[in-house]
A.B. asks: 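My structure is below; once you've seen it, I'll send some questions.
Letters A, B, ... are given to chains in the order of the sequence lines, protein chains preceding strands, and every chain is numbered from 1.
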Amino acid sequence: TQLLEQSPQFLSIQEGENLTVYCNSSSVFSSLQWYRQEPGEGPVLLVTVVTGGEVKKLKRLTFQFGDARKDSSLHITAAQTGDTGLYLCAGGGYNFNKFYFGSGTKLNVKP
Amino acid sequence: DTGVSQDPRHKITKRGQNVTFRCDPISEHNRLYWYRQTLGQGPEFLTYFQNEAQLEKSRLLSDRFSAERPKGSFSTLEIQRTEQGDSAMYLCASSPKYRVYNEQFFGPGTRLTVL
């Protein structure tokens, strides 16, 4: 059983479309991170959100942390083929001992 | 800064054999994590080191798995008497000290196939 549930599991869209992926949990996290992973490689950190209600923007990507620090969303504007990959959210507790990952959203952006 | 490196990148072994993987974290990163990832899933936490001390170990980690981090630098993960269910990508990540929120930097992983 995953502590963090991500939805949708798969998403296939045309270049230029917008999309949102979600990361939900019944647990509270001190911080939540989003990663992108290419096939055969390790995840690469995109952002860390730490404050309930926080919104962070990185170019076309907007990340939001829920007020209760239990959920998060990632919104991509005008998707590009280079955005294709597996998007993972990961929640951390108040110590550094363990991180929990969601099962990921596999995004395919078609030209 | 050369990033986290892992060796080997791929390992094929027969059931029952022992295998050992190595992880070299980013220098001066005192926190080191091992994860396992199977196809279609997110990484699953295995164990955590702060310097040379193993502070956390997943209940999923059977007695066949052991990890070490001598001198608080590189780490090794050994799997004894491998089983087909051990086939997965094994990921290592490191994190710097003095960071309030734990940002992990991952290596490229070691893909294990047990025949």
Side-chain angles (χ1 to χ4, degrees), chain A residues 1-10 21 23-25 27 29-52 54 56 58 63 65 69 72 85-108, chain B residues 3-6 8-10 21 23-26 29-51 53-61 88-113:
Chain A
T1 303
Q2 300 272 165
L3 199 62
L4 286 163
E5 297 289 337
Q6 288 189 242
S7 61
Q9 280 187 289
F10 302 97
V21 299
C23 174
N24 296 295
S25 176
S27 299
F29 295 101
S30 66
S31 66
L32 198 138
Q33 299 172 356
W34 284 92
Y35 293 82
R36 188 165 77 96
Q37 186 177 24
E38 303 272 4
E41 299 296 328
V44 175
L45 180 67
L46 296 174
V47 79
T48 299
V49 285
V50 301
T51 306
E54 180 178 3
K56 274 192 177 178
L58 295 174
F63 305 86
F65 201 11
R69 302 210 302 277
S72 182
L86 179 69
Y87 288 83
L88 295 159
C89 65
Y94 287 93
N95 58 29
F96 303 114
N97 289 11
K98 192 179 288 188
F99 253 74
Y100 301 93
F101 277 82
S103 54
T105 292
K106 193 167 184 180
L107 173 65
N108 179 36
Chain B
V4 178
S5 61
Q6 292 187 245
R9 292 293 306 273
H10 303 274
F21 309 141
C23 170
D24 286 272
I26 295 171
H29 279 197
N30 69 329
R31 299 175 188 145
L32 188 146
Y33 302 79
W34 284 99
Y35 292 87
R36 177 172 63 190
Q37 186 176 25
T38 54
L39 205 61
Q41 297 296 316
E44 190 176 44
F45 170 80
L46 293 178
T47 191
Y48 161 66
F49 289 87
Q50 183 168 305
N51 300 311
Q54 188 175 20
L55 297 185
E56 190 82 31
K57 191 174 172 180
S58 169
R59 284 173 291 177
L60 300 170
L61 215 60
M89 174 79 92
Y90 289 83
L91 294 163
C92 174
S94 70
S95 183
K97 56 183 171 181
Y98 308 133
R99 295 296 286 267
V100 177
Y101 298 101
N102 203 19
E103 294 158 317
Q104 298 172 82
F105 297 84
F106 281 84
T110 294
R111 180 164 294 284
L112 172 66
T113 302

A.B. asks: Is B:Phe49 in contact with chain A via its backbone, its side chain, both, or neither, using a 4.5 Å heavy-atom distance?
C.D. replies: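 Contact with chain A: none, neither part.
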
A.B. asks: Please check if the number of heavy atoms outside A:Leu58 that lie under 6.0 Å from its CG is greater than 12.
C.D. replies: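 Yes - once you tally the heavy atoms of other residues, nucleotides and ligands closer than 6.0 Å, there are more than 12.
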
A.B. asks: Hey, what do you get for CG (A:Leu88) to CZ (B:Phe106), rounding to the nearest 0.5 Å?
C.D. replies: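 So the CG of A:Leu88 and the CZ of B:Phe106 are separated by 8.5 Å.
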
A.B. asks: I need the B:Tyr48 OH to A:Phe99 CZ distance, nearest 0.5 Å.
C.D. replies: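 Those atoms lie 10.5 Å apart.
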
A.B. asks: Please determine, among B:Glu56, B:Glu44, B:His10, the option with the most heavy-atom pairs under 4.5 Å with chain A.
C.D. replies: B:Glu56

A.B. asks: Please check if the number of heavy atoms outside A:Tyr100 that lie under 6.0 Å from its OH is greater than 12.
C.D. replies: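 Atom OH in A:Tyr100 is not crowded, with 12 or fewer foreign heavy atoms closer than 6.0 Å.
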
A.B. asks: Given the options A:Gln9, A:Lys106, A:Gln37, which has more heavy-atom pairs under 4.5 Å with chain B than any of the others?
C.D. replies: A:Gln37

A.B. asks: Using 0.5 Å steps for rounding, measure from the CG atom of A:Leu45 to the CD atom of B:Glu103.
C.D. replies: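 Spacing of CG (A:Leu45) from CD (B:Glu103) equals 5.5 Å.
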
A.B. asks: Report the option among A:Gly40, A:Ala90, A:Cys89 that has the most heavy-atom pairs separated by less than 4.5 Å from atoms of chain B.
C.D. replies: A:Gly40

A.B. asks: Is B:Leu91 in contact with chain A via its backbone, its side chain, both, or neither, using a 4.5 Å heavy-atom distance?
C.D. replies: side chain

